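Before any comments, here is the structure.
In this text, all values refer to a predicted model and were calculated from it rather than measured experimentally. In listed order, ligands and their atoms are each counted from 1.
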Amino acid sequence: MRKATIKSPANIAFIKYWGRRNDDLILPLNDSISMNLDNCYTITTVEFGKANEDEIKVKFYKEKYKNLNGKQLNRVLKQVNRIREKYKIKEKVKIYSENNFPADVGIASSASAFSALTCALFKALGNNISEKDLTIETRLSGSGSAARSIPNGFVEWLMGDSNRSKTSYAYSMASSDYWKLYDLTLIVDTAEKSIGSYEGHNRALNEYMKARLKNINKRIKQVREAIRETDIEKLGKAMEADAISLHTVAMNSKPPIYYLNGKTWEIIFELLKLRKKGIIGYFTMDAGPNVHLICEKKFKDILKENFEKFPGVKFIIENKVGEGAKVIREHLF
Ligand code: DP6
């Protein structure tokens with residue numbers, strides 16, 4: 001069979017990937033840790049050998065299928081061609097892909113897209129690649145955080161040694177049913193972000209990055225422990241500090257990058273007020289203004305109720321901890 005379909009999740013990082021030490025090999029400046037999101041995913045079908053030309057179509061959130069073009073097409077073709085060259089394959093490819101959530105707003109849409117694509121390419125080729133190697137191949141797509149969407153549940157992506165690509169891979173620290181955490185993604189803006197993460201990484205090497213890297217190993221240790229001990233307070237404190245550290249670096253880039261907006265801060269202040277009343281959730285933000293609230297089951301509904309009516313929150317996506325990329329039977333064509 002030269003056809004396969006993969007469903008792969010987005011993920012939210014507790015310890016973020018921000019900045020690269022090697023642009024070609026997508027080697028990060030630090031280890032990062034995330035959880036997969038069960039309700040934000042991409043489904044991708046890949047078939048080799050049927051078409052005379054490459055055909056790559058996508059269906060973004062609430063849109064119709066269209067041919068992929070521009071930068072996005074180039075990113076996909078780069079990964080397809082890299083794998084075709086590596087395995088000396090000449091066949092053309094047909095790829096259909098769809099997302100069930102808004103792209104490019106601080107929910108890692110390229111993480112789910114590039115993990116689904118890479119996994120589907122290998123499965124369609126009938127290649128029995130290991131999970132570890134698949135995370136490396138996914139990282140090489142250019143979307144580093146996508147490597148974390150391949151393994152199940154809570155995932156760590158190791159920065160690896162020097163310039164050795166093989167040493168920077170992702171693995172599952174705990175499965176999706178290990179700890180019943182929730183991510184309430186508060187969407188305040190669905191417009192495409194003006195400066196993508198790729199460019200953000202390029203601008204990340206400033207004096208604030210030095211401070212970030214000085215403290216990051218302590219936070220990584222805290223997050224590893226928090227997951228092991230299922231300690232939400234420990235996780236929350238380290239996770240919030242890490243998000244603020246990323247945005248400090250971004251805002252001090254030259255030129256500066258402002259991903260957060262007024263609504264982001266209003267939500268954070270409201271969350272802090274609720275926390276004082278004993279309603280516990282913790283925030284994190286990726287490269288966009290939307291806020292991810294991480295909480296345990298007992299506070300999920302009350303947090304959701306509070307923020308559903310909060311001015312500026314357009315809608316909320318509720319996620320449990322998700323599994324990693326997996327084969328599904330229903331093809332998209
Ligand atoms: C802020 O380079 O993996 O989400 O290719 O746009 O998905 P895309 O981004 P990538 O950077 C991700 C940056 C981040 C933090 C994180 O997920 O670790």
Just which atoms of ligand 1 are under 4.0 Å from any heavy atom in [X]?
| X | value |
| --- | --- |
| Tyr17 | 2 (O), 3 (O), 10 (P), 11 (O), 13 (C), 15 (C), 16 (C), 18 (O) |
| Ala287 | 1 (C) |
| Arg148 | 16 (C), 17 (O), 18 (O) |

Is it possible for you to say whether [X] and [Y] belong to one hydrophobic cluster, with membership spreading through side-chain heavy-atom contacts below 4.5 Å?
| X | Y | value |
| --- | --- | --- |
| Leu293 | Leu235 | yes |
| Tyr171 | Phe154 | yes |
| Ile6 | Val76 | no |

Item checked: From the candidates Lys16, His247, His201, the one that places a heavy atom nearest atom 11 (O) of ligand 1 -> His201
Margin query: Measuring from atom 6 (O) of ligand 1, which candidate in Gly142, Ser149, Ser145, Ser110 has the nearest non-hydrogen atom?
Written below: Ser110
Note to self: Please tell me whether Tyr87 and Phe48 form a close aromatic pair, meaning their ring centres lie under 6.0 Å apart.
What the structure shows: no
Next item on the list: Look at ligand 1 and say whether Met285 reaches it with a heavy atom at a distance under 4.0 Å.
Entry: no
Note to self: I'd like to know if Gly144 contacts ligand 1, where contact means a heavy-atom distance under 4.0 Å to any ligand atom.
What the structure shows: yes
Checklist line | Pi-cation contact, Phe333 with Lys94 (under 6.0 Å, within 45°) | finding: yes
Next item on the list: Determine whether the side chain, the backbone, both or neither of Glu199 has a heavy atom under 4.0 Å from any heavy atom of ligand 1.
Entry: neither
Notebook entry, point to check: Side chain or backbone of Phe114 under 4.0 Å from ligand 1, or both, or neither, by non-hydrogen atoms?
Noted result: neither
Check: Should the heavy atoms of other residues, nucleotides or ligands under 6.0 Å from NZ of Lys320 be counted, would the total exceed 12?
Finding: no
Next item on the list: Step through the shown structure and confirm whether more than 12 heavy atoms of other residues, nucleotides or ligands are within 6.0 Å of CG on Asp161.
Entry: yes
Notebook entry, point to check: Between Ser143 and ligand 1, is there a nitrogen or oxygen pair with a distance under 3.5 Å?
Noted result: yes
